[in-house]
Every structure is written in structure tokens, then in C-alpha cells.
Amino acid sequence: MGDEDDVAVRFAAGDEHALAQAYERTSRLVHGAALRATGNAADAADITQSVYVSAWRGRAGFDPHRGSLTAWLMSITRRRIADHWEERSREVRRTVAVAQTTPASPVEESTAESTVDRVLLADELARLGDPQKRILELAFFQDLTHTQIASVLDLPLGTVKSHIRRSLEQLRRRLEVDGAAL
Amino acid sequence: MLHCDDDDLALIALGEQADEQDRAHLASCARCRSRLDELTATVATVRSIGPDDVPVSPPAAVWAAISDELGLGSPADASETTSVAPAVDLAAERERRRPTRVRIWAAAGAAAVVGVLAGVVATAAVLSAPSTGEVVASAQLAPIDGSGLAGSATVSRDGDAKVLTVDVPDLPAQSDAYYEVWMATPDTSTMVAIGTLTPGETGRFTLPAGMDASAFPVVDVSVEHFDGDAGHSATSVARGTLGA
């Protein structure tokens, strides 16, 4: 059982230290996404606070055997960011006369979703070592084919292909969401 | 039926041409198509990452507020297991967010202030993603009192907000102290606590909306102890003045 799993199990069992450890590991991601989504330090701090408060109070709804604690916390973060926008647009509707005709915008929800995803993937990319990082940089941002990358970095074609597959798979797993709602 | 090779699916997701065989298979196999769709969505998200899509540590007050709201056990217990959960008194925390007068090092301050350096700063930009935040001011941070710690700071625009980015690459971790970023008036008589700087990370702080950043051009990084004292400790490790 990995270290993160151990924290997750103790978190679910109500160990306060596990909450502090989970906060230490994940608050950069939660707060980074909240800050990016709201552009406002006070709102981001509020969202971060509410994510961990509701996670702790709702820990009965978290099953450490079904998904990672990080994924669960990030799904709460998506929810809280969406709530924030919902609240904002309600305020706007209250103050604007055309209120009744303005439907809640699904665009904002999807923005909340993708903000969290982008911060998660930025974090995962930053963890990659070389040559994976260099290979992905060329594939993602320079649009080179794997044949070109192999030639630029003087690596065997098969090595480049398997690095791309493994790294991309690692990134995709990071976006897996936990189904539990909160 | 032989499914598509995982290596090939990854390359197709990145935009490379599928060969005849893969194309034919994808047309008829829902399993491979759905794998490809997931990888393609991942690629699209990575390609949309901007320089501001980065993890950012919350200010210490956030943990204090969580701990307070949940009525967690003594803060001393929490700080044994985690360095990000210092015992911070909320009232003191609010107090220290206000401009604070620090007289002690006003005289030393001016002499140590180092001039302006245009532009070049290591931000936490991801890989080679293009930078969109326009940099409005930047500074080189010079070591104070032989700390040997130099760094850089920029103020950039993020929509209507302004963001201060502070990078002191060799900041050593300390178990009984933390680092605070301040912005101060040119004579350092008035200082605003901006946030904590974590060793090994680039600090990124959204400045309060009502704050006139140009009135506080001095960027200072100080060593602070968990002593409940809201003011500047008078021990600085690096400092510089923002310029265009």
C-alpha cells in the first residue's frame, strides 16, 4: 500500500493528522485552480477552505478503495468553483432587470472543470524527468512527429514511442475523476 | 480482432496520421475509439495550459481557518506532521494583512536596495507554453546582510488583477521559521504583508484589488518566526525595487 493510500485510509477513518497531510500535499493544486478560476485571492482562499471543510465533514462519502483522495478532493474543488460562479451569476441576476431571461451558464461550469484539469496536468508535467519532459515538450508544443523527435534527440524510435505512450497515459490517469458527489 | 497498439493510439492522439490498418480498426472498434478519445482530450487540455495554470500554495491563514472551523486538535499537534500548518492566530493574521510600520531597518533599507532589471524572470511557466501575462514591473532581489540569497520579482497583469511573482531559487527550508514577502514604500516606512514564500517554489500572489502597487515598489523577503508577532521580523534575506 502506497503512502498516499495510507493517508487516504486514515483520512476516511477520521484521523486529523491525515487531513493535515492531505492538505499539505494537495492544497497547492486546490488553491492554484481556485486562484486561476476566480482571479481573486480572497475568493480562492474561501474556496480552498470550503473544499477541506466539506471534505472532512463529508469523509463518510469517501471510499479509499474506489479512488484516490486527491481525485476526490479535486472533484470537490470543481464543484466549489462551479458553486462560486453560480453564486456570482445569481448576484448578477438579482441586480440586473433582465434576470428571468438569463439561464445559468453551462460555460462557466465547463471552465471550472477545465481549470482544475489544466492545473493538475501542469503539476504532472512539472514532475516528469528527462528525457520524458523534453520528448513531450517537442510533441505537445513544437508539434514534432515521433520520427522527428527521435532524430532531434538522437534516441531510438521505439524509446520515443513508448515514452510518449507512458507519459500520456500518466497524464490521462491524473484526470480520472472520482464518481462520489458531495 | 487485434486492437490498436497503445503506442499508435498515443501518437494519433497527438495528431500524427493513423495508418490504413488503424483507421479501419478504429472505424469498427468502440473500445479503441473511446481510448483514443480520452487521450485526445488529455492532449487538448495539455495544449491549453497557460503560464498561470500552476499550483499555488495557499496563505498560512487558510489552514488556520480550516482548523478553526473544524475545531481540530491543538495546532501544535498539526504542525508536527505538516509544515504548512503553522499555528496562526486569525486575529493576528488579519492584523498583519494591514500595512504595518516598521522602523527598525528603514535606514539600512535604502542602502541595500538594488536597481532595476528589465524583464528576465523565471516564472513558473509550464514547459514552453507562451506567456500571456504582461509584465508591468520587475526587480532583481539582492542578498541582505550576507544572506547569499538572490532572486527576482515581477508584477504582471492577470485580467484586471495584478500578480506579484517572487522567485528566490536557493531559499533553504527552516523547521522553526518561514519566509514572508512584503511590499514597501521606497523609504520602507510602510509595509504590506503579501504572503508566505515556500522554499523551492515560485511565489505567486494576487495583489489586493485596492492596492496601488506603484506606491509599494520595494519587494522584501523576510524570515519570520511562529511567534504571533504580526510585524516584520527585521531580518530580511533579499530585497529589490520594482521598475518598468
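Every chain is numbered from 1 and lettered A, B, ... according to where its sequence line falls, protein lines coming before strand lines.
- Residue B/A41: no heavy atom, backbone or side chain, is found under 4.5 Å from chain A.
- Nearest heavy-atom pair, A/T48 versus B/I66, reported as atom, atom and distance to 0.1 Å: O-CD1, 4.3 Å.
- For chain A, no part of B/Q17 is nearby; none of its heavy atoms comes within less than 4.5 Å.
- Considering every non-hydrogen atom in both A/A139 and B/R47, the closest pair reads O-NH2, 3.0 Å.
- For a residue to count as touching a neighbouring chain, one of its non-hydrogen atoms must lie under 4.5 Å from one of that chain's; by this rule A/L171 touches chain B with backbone and side chain alike.
- A/N40 has its side chain out of reach of B/T206: every pair of non-hydrogen atoms, C-beta onward, lies at least 4.5 Å apart.
- Contact count against chain A (heavy-atom pairs under 4.5 Å) is highest for B/E69 among B/R35, B/E69, B/E38, B/E201.
- Using a 4.5 Å cut-off on side-chain heavy atoms (C-beta onward), A/R36 and B/D158 make contact.
- Contact detail for A/V119 and B/P55: the closest heavy-atom pair is CG1-N, 3.9 Å.
- Partner B/D7 forms a side chain to side chain donor-acceptor pair (under 3.5 Å) with one of A/H163, A/R165, A/H146 and no other, that one being A/R165.
- Of all the listed residues (B/S48, B/G159, B/A161), the one sharing the greatest number of non-hydrogen pairs under 4.5 Å with chain A is B/S48.
- At a 4.5 Å heavy-atom cutoff, the contact between B/D6 and chain A is made by backbone and side-chain atoms alike.
- Separation of atoms CG (B/L11) and CG (A/L168) is listed at 9.0 Å; rounding is to 0.5 Å.
- Looking at B/E16, the atoms closer than 4.5 Å to chain A (heavy atoms on both sides) all sit in the side chain, from C-beta outward.
- The existence of a salt bridge linking B/D8 and A/K161 is confirmed by a sub-4.0 Å separation between a basic side-chain nitrogen and an acidic carboxylate oxygen.
- The closest side-chain heavy-atom distance from B/V62 to A/Y23 is below 4.5 Å.
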